[in-house]
Trainee: 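This is the structure I want to talk about, given as structure tokens.
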Amino acid sequence: MNTPQTLKHPSNIVVFCAAVIVCVTGLARAAADEWAAVNPPAGLAADSWRHLVNHLREKPYTVAEIQPCLDLIAVALKEGLPPDAVVTRLGEGVVKRADAAALRATVQRRVDTLRTAKPLLTDAGHPFWNTPPMQGLLVAVASAIESDVPMAGLRQALKQAGGTRAMRIKFVIEAGESLKLMGLDAETISRLMEDFAARSLGCGEIVRATQFIGQQHRAGVAGSRIREMLWSNPGATSPPR
Amino acid sequence: MRSREDDKDDWVHETLDGGSKPPAGAEQQGRLQQYRETLASLERSRVSAPPDLAARVMERLDRAPRRAGLRALADWLPTPRQWLVPAFAGGLAVALIFFGWTWRDETGSDELALVQVHFQLHAPGAKRVELVGSFNHWQPGAIQLTGPDASGHWTATVRLPEGRHEYQFLVDGRQWVTDPTAAIVRPDGFGRANAVLDVAGREIPL
């Protein structure tokens, strides 16, 4: 093995290793400090930015890789979309060490679905959407769109539930997404969402009904039959326990 | 107590009204004559309105300049009207109640109860298992599972607000594991799947 002459002496090896460690540490520190110089998107809460930067400092991303995502957060803020719904998705990806392209695609998708969700709410007669409970509903609708919940079902449920509390509508929307993720067909999902909205079910009842539907679906029961089982009693307002 | 003068006046009044009182004294006759003359002079001095008076007044009113739009409103508003203030106050109250109710319905958040949720993962070979999810902003290290027990299970009991949560287990700080017992899983967009948990149940005092 051809070892350089200068490294044959033990003290030289120690010096070489120390120099390598200093270089690597210095580069790592330089990369970490890079984030201190980055301006947060205008309007983003200080806490959200601090959490995100703490995530980013511990992971091997450069500012250039993340900057497109930060630009999208700035766009969301400008358009009045809830920024935390975007920052959380970015933070999740960073913690999971997703590659930069996947991060950008996920953040872009979230901004797009929030944009699509906003007029759905206003068109359905929910004008005060820029409040914390309504922003929660907006995020739920965006999430449902990401999961390909039928738009007709979303529109109908939002319209039917117009005038009721944001939190209850949010549960209806989330139930629709759960049904989609369970693999139910689009028509059954739309009908069940309408059922939930029209029957003024409470949050717990909606969750219980969704679990019941999931059990029946896994047992191979058809969607129409599940609806019959749910609402077989003409006056039924509550799902079976 | 009635005086004699009152009785005399009664006689004069009744006679003027066409009553048939017995003849009275010269003093009363004189006073009656005085009244009759006064009435006759009043009758003579009566001035009647010209027959075209109403038409002339209406014609002048029609010629008066009419203000339109905001100026007409400005003329109308300061005119004192008894019904205006109560009507305005009532309308305002109704509007406030209506919009207040609508706002409450649209924005009102139900108080979310905290519900105790039990998590479990079978990972007999693991050194450390963490619960990471939307409820702790995907921050590793915040919730550690205890274990493993004799059967290799790691467990944690966490109080979560009612609603939807997504989570994964992080094993030994590097391996992301989807809860194999989850009824619903959702692709996370990063090549893995989050377990979806809809929490609703027994309320726990905050």
Side-chain angles (χ1 to χ4, degrees), chain A residues 48 51-52 54-55 58 84 87-89 91-99 102-103 105-107 109-110 125-134 136 140 143 146-147 162-168 170-171 174-175 177-182 202-208 210-211 214-215 218, chain B residues 98-113 115 117 130-142 160-170 173-178 182-203:
Chain A
S48 301
H51 280 305
L52 182 60
N54 285 343
H55 281 321
E58 298 162 4
D84 280 344
V87 174
T88 304
R89 290 293 280 144
E92 180 188 348
V94 168
V95 167
K96 293 178 175 176
R97 292 178 188 252
D99 64 68
L103 286 179
T106 303
V107 169
R109 175 92 171 120
R110 176 49 61 97
H126 303 281
F128 307 114
W129 64 272
N130 203 11
T131 58
M134 291 303 281
S143 177
E146 284 173 17
S147 295
T164 59
R165 292 191 166 216
M167 194 56 69
R168 204 173 63 72
K170 181 170 171 278
F171 271 79
E174 287 174 347
E177 186 183 10
S178 295
L179 298 175
K180 174 68 185 172
L181 294 169
M182 286 171 184
C203 302
E205 289 172 318
I206 292 172
V207 170
R208 218 167 58 238
T210 309
Q211 288 167 350
Q215 287 164 5
R218 282 192 294 277
Chain B
F98 175 75
F99 283 111
W101 187 262
T102 309
W103 174 267
R104 177 186 151 279
D105 276 349
E106 289 288 345
T107 62
S109 62
D110 299 300
E111 283 299 316
L112 291 179
V115 178
V117 182
E130 296 160 68
L131 178 62
V132 189
S134 52
F135 39 79
N136 58 10
H137 305 285
W138 297 96
Q139 183 68 54
L160 297 177
E162 280 189 314
R164 165 156 300 194
H165 305 282
E166 293 184 28
Y167 67 95
Q168 279 196 293
F169 295 115
L170 181 58
R174 61 176 192 279
Q175 188 189 356
W176 291 93
V177 177
T178 306
I184 306 167
V185 294
R186 185 179 190 275
D188 66 356
F190 310 113
R192 301 185 180 87
N194 294 333
V196 176
L197 179 67
D198 287 320
V199 173
R202 187 169 61 89
E203 290 185 10

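As the structure is a computational prediction, the values presented were derived from the model and not from experiment. In what follows, chains are A, B, ... by sequence order, proteins preceding strands, each numbered from 1.
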Trainee: Once rounded to the nearest 0.5 Å, what's the spacing between atom CG of A:Asn54 and atom NE2 of B:His137?
Mentor: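 Atom-to-atom, A:Asn54:CG and B:His137:NE2 are 13.0 Å apart.
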Trainee: Might you work through the side-chain hydrogen bond (donor to acceptor under 3.5 Å, both in side chains) test for B:Arg164 and A:Ser143, ending with a clear yes or no?
Mentor: CA-CA 11 Å; B:Arg164 165 156 300 194; A:Ser143 177; 5.4 Å; no
Trainee: For the atom pair CD (A:Glu92) and CG (B:Asp188), what is the distance rounded to the nearest 0.5 Å?
Mentor: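 The CD atom of A:Glu92 sits 5.5 Å away from the CG atom of B:Asp188.
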Trainee: Specify the closest pair of heavy atoms between A:Gly204 and B:Ala200, including all atoms of both residues, with the distance to one decimal.
Mentor: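 Closest pair (atom of A:Gly204, atom of B:Ala200, distance): CA-CB, 3.7 Å.
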Trainee: Can you find a heavy atom in the side chain of B:Glu162 that is under 4.5 Å from one in the side chain of A:Val207?
Mentor: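 No. Closest side-chain heavy atoms not under 4.5 Å.
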Trainee: Nearest 0.5 angstrom please: A:Glu174 CD to B:Ile184 CD1, how far?
Mentor: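 Answer for the CD-CD1 pair, A:Glu174 versus B:Ile184, is 10.5 Å.
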Trainee: Just so I understand: if I count every heavy-atom pair under 4.5 Å between each of A:Gly136, A:Ser178, A:Gly214 and chain B, which residue has the most?
Mentor: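 Greatest number of close heavy-atom pairs with chain B: A:Ser178.
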Trainee: Relative to chain A, which segment of B:Arg174 carries a heavy atom at a distance below 4.5 Å: side chain, backbone, both, or neither?
Mentor: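 For B:Arg174, neither part sits under 4.5 Å from chain A.
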Trainee: Distance check, rounded to the nearest 0.5 Å: B:Phe190 atom CZ versus A:Leu103 atom CG?
Mentor: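 Answer rounded to 0.5 Å: 5.5 Å.
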Trainee: For the residue pair A:Val95 and B:Gln168, establish whether any side-chain heavy-atom pair is separated by less than 4.5 Å.
Mentor: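 Not in contact.
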Trainee: To the nearest 0.5 Å, what is the distance between CD on A:Gln211 and CG on B:Asp198?
Mentor: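 These two atoms lie 7.5 Å from each other.
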Trainee: Under a 4.5 Å heavy-atom cutoff, which of A:His51, A:Met182, A:Glu146, A:Glu177 has the most pairs with chain B?
Mentor: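 Heavy-atom pair counts peak at A:Glu177.
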Trainee: Which bit of A:Arg218 comes within less than 4.5 Å of chain B, counting heavy atoms only: side chain, backbone, both or neither?
Mentor: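 Contact with chain B involves the side chain of A:Arg218 alone.
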